[in-house]
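Input: a single structure, listed below in C-alpha cells.
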Amino acid sequence: MVKLSAKCLLAGDPAVGKSALAQMFRNDGAHFQKNYTLTTGIELLVKAISVPETSDSVEFFIFDSAGKDLFSEMLEKLWEQPNVLCLVYDVTNEQSFNNCAKWLEKLRAQAVGMHIPGVLVGNKTDLVGRRVVEQKQAQEWADKHGLEYCEMSVKEMKNFEAPFNILAKSFYQLYKEKVEIFHSLA
C-alpha cells in the first residue's frame with residue numbers, strides 16, 4: 001500500500017465556494033457553513049483520500065487561498081511547488097469563470113516546465129435558475145487548458161468529493177509513470 005502526499009492549491013474568485021468545498025471535504029460532508037467569512041491569506045487543511053480502484057492513498061495538504069487580489073503577493077510565496085491544482089468558479093457568476101484564466105496563469109507560474117494535474121470546478125449548481133456559465137462551455141475551457149472538469153453544489157452536498165477523487169487519481173497516475181521510468185532505468 002502506497003501513501004503519497006500532495007500540495008493542493010485551491011484558487012478562484014472570492015465567494016465562489018473554495019473554503020466551503022475544503023471544509024466539506026475535510027469533514028466528510030458533515031457540515032455546510034452558512035455564514036461566509038472572507039479567507040485572508042491561506043488556510044491549510046489536511047486530509048487523506050483513497051485512490052479510486054487501488055489500495056493506495058493520497059494525503060492532500062490543501063492550501064485554501066484568499067480570492068482577493070489584495071493578498072496575492074503573499075500567496076505567491078505560499079503557492080510554491082504545487083503538486084495539484086483545484087480552480088473553482090461560481091456557475092452563476094460569469095466573471096468568476098472568466099477570471100479562471102488569470103488564476104490558472106498565476107498557479108502555473110509556480111511550476112514552470114512541470115505538468116501539474118488540475119481540475120476546474122463549477123460550484124453552486126443548486127442555483128439552476130441563475131446559472132450563466134453552461135457546462136459545455138466550461139468543459140471546453142478545461143479541455144483547452146489541460147484540466148479535468150466537474151460540477152458540484154457544496155450547499156446541497158452534491159459531488160463535493162469529485163474534485164479530490166479526480167486529483168488523487170491524476171496525481172497517482174503521475175507517480176506510477178515516474179516509478180515505471182525509474183524501473184526502466186535500473
Side-chain angles (χ1 to χ4, degrees), residues 6-26 29 39 42-43 45 47 49 51-52 58 60-69 71-72 75-76 78-79 81-128 130-174:
K7 181 176 184 178
C8 174
L9 301 184
L10 194 56
D13 279 3
V16 295
K18 300 179 302 294
S19 297
L21 167 60
Q23 295 289 342
M24 185 70 70
F25 174 66
R26 185 185 67 189
T39 303
I42 285 193
E43 186 172 341
L45 298 97
K47 179 165 180 189
I49 183 172
V51 178
V58 176
F60 283 117
F61 290 81
I62 303 166
F63 285 68
D64 176 16
S65 310
K68 289 263 187 226
D69 281 336
F71 305 109
S72 65
L75 291 180
E76 288 175 19
L78 295 168
W79 276 6
Q81 300 177 323
N83 300 112
V84 294
L85 311 173
C86 184
L87 194 53
V88 184
Y89 75 96
D90 173 351
V91 299
T92 71
N93 179 336
E94 192 166 12
Q95 191 60 51
S96 74
F97 175 70
N98 293 337
N99 286 341
C100 286
K102 171 189 81 168
W103 287 109
L104 186 58
E105 186 180 320
K106 284 183 179 184
L107 292 167
R108 289 213 165 131
Q110 300 304 316
V112 176
M114 294 171 60
H115 170 68
I116 306 292
V119 62
L120 175 66
V121 181
N123 188 26
K124 304 189 184 183
T125 57
D126 53 294
L127 302 173
V128 180
R130 293 174 42 198
R131 184 179 192 128
V132 292
V133 180
E134 293 305 318
Q135 186 172 357
K136 183 177 186 284
Q137 175 188 9
Q139 179 70 61
E140 287 171 358
W141 190 90
D143 292 344
K144 179 180 164 190
H145 291 89
L147 301 172
E148 297 291 327
Y149 180 69
C150 68
E151 292 190 341
M152 64 180 187
S153 169
V154 175
K155 184 178 181 181
E156 291 187 343
M157 299 183 207
K158 286 187 181 164
N159 218 23
F160 66 89
E161 289 181 322
F164 300 102
N165 285 328
I166 290 167
L167 291 172
K169 204 169 184 178
S170 298
F171 185 67
Y172 181 76
Q173 189 58 43
L174 261 182

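Taken from SG in Cys8 to CZ in Phe63, the straight-line distance is 10.0 Å, to the nearest 0.5 Å. Separating the CE atom in Met24 from the NZ atom in Lys155 is a distance of 11.0 Å, to the nearest 0.5 Å. In this structure, the separation between CE on Met114 and CG on Asn83 is 7.0 Å, given to the nearest 0.5 Å. Between the CZ atom in Arg108 and the CD1 atom in Ile116 there is a gap of 8.5 Å [rounded to 0.5 Å]. Within the model, atoms CZ of Phe25 and CD1 of Ile49 stand 4.0 Å from one another, a figure rounded to the nearest 0.5 Å. Rounded to the nearest 0.5 angstrom, Met152 CE and Leu21 CG are separated by 4.0 Å.
The two residues Trp103 and Ala11 come nearest to each other via the heavy atoms CE3-CB, 4.0 Å. Pairing each heavy atom of Leu45 with each of Gln23, the nearest pair is CD2-NE2, 3.9 Å. Between Glu94 and Val132, the shortest heavy-atom distance links the atoms N-CG2, 3.6 Å. In plain terms, the two heavy atoms of Ala168 and Phe60 that are nearest each other are N-CZ, 3.6 Å. Across all non-hydrogen atoms, the minimal contact from Leu120 to Cys100 is CD1-SG, 3.8 Å. Heavy-atom minimum distance, Ala22 versus Ile62: CB-CG2, 4.4 Å.
Taking the centre and axis of the six-membered ring of Phe164, the NZ or CZ atom of Lys47 falls outside the cone set by 45° and 6.0 Å.
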Practice item. Verify side chain to side chain contact (heavy atoms under 4.5 Å, CB included) between Val16 and Asn123, making sure each step is shown before the conclusion. Key: CA-CA 7 Å; Val16 295; Asn123 188 26; 5.8 Å; no
Review point. Hey, mind stepping through Tyr149 and Asp143 against side chain to side chain contact (heavy atoms under 4.5 Å, CB included) and telling me if it holds?
Key: CA-CA 8 Å; Tyr149 180 69; Asp143 292 344; 5.8 Å; no
**Study point:** Lys158 and Thr125: CA distance, side-chain angles, deciding distance, side chain to side chain contact (heavy atoms under 4.5 Å, CB included) verdict
**Key:** CA-CA 9 Å; Lys158 286 187 181 164; Thr125 57; 5.7 Å; no
Exercise for review: Begin with the C-alpha distance, continue with both residues' side-chain angles, and end with the deciding distance and a verdict on side chain to side chain contact (heavy atoms under 4.5 Å, CB included) for Phe97 and Trp141.
Suggested key: CA-CA 10 Å; Phe97 175 70; Trp141 190 90; 3.8 Å; yes
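In this structure, the side chain of Arg131 engages the main chain of Val133 through a donor-acceptor pair within 3.5 Å. A donor-acceptor pair is defined here as one N or O able to donate and one able to accept, closer than 3.5 Å; no such pair exists between the side chain of Lys18 and the backbone of Val88. In this structure a side-chain-to-backbone donor-acceptor pair under 3.5 Å is missing from Asn159 to Ala162. Of the possible donor and acceptor atoms, none in the side chain of Asp90 sits under 3.5 Å from a partner among the backbone N and O of Ala15.
Checked against Pro117 for a side chain to side chain contact (heavy atoms under 4.5 Å, CB included), the options Ile166, Leu85, Val84, Leu147 give a single hit: Val84.
Residues that satisfy the side-chain contact (heavy atoms from CB on, under 4.5 Å) test with Glu140, not counting sequence neighbours, are Lys136.
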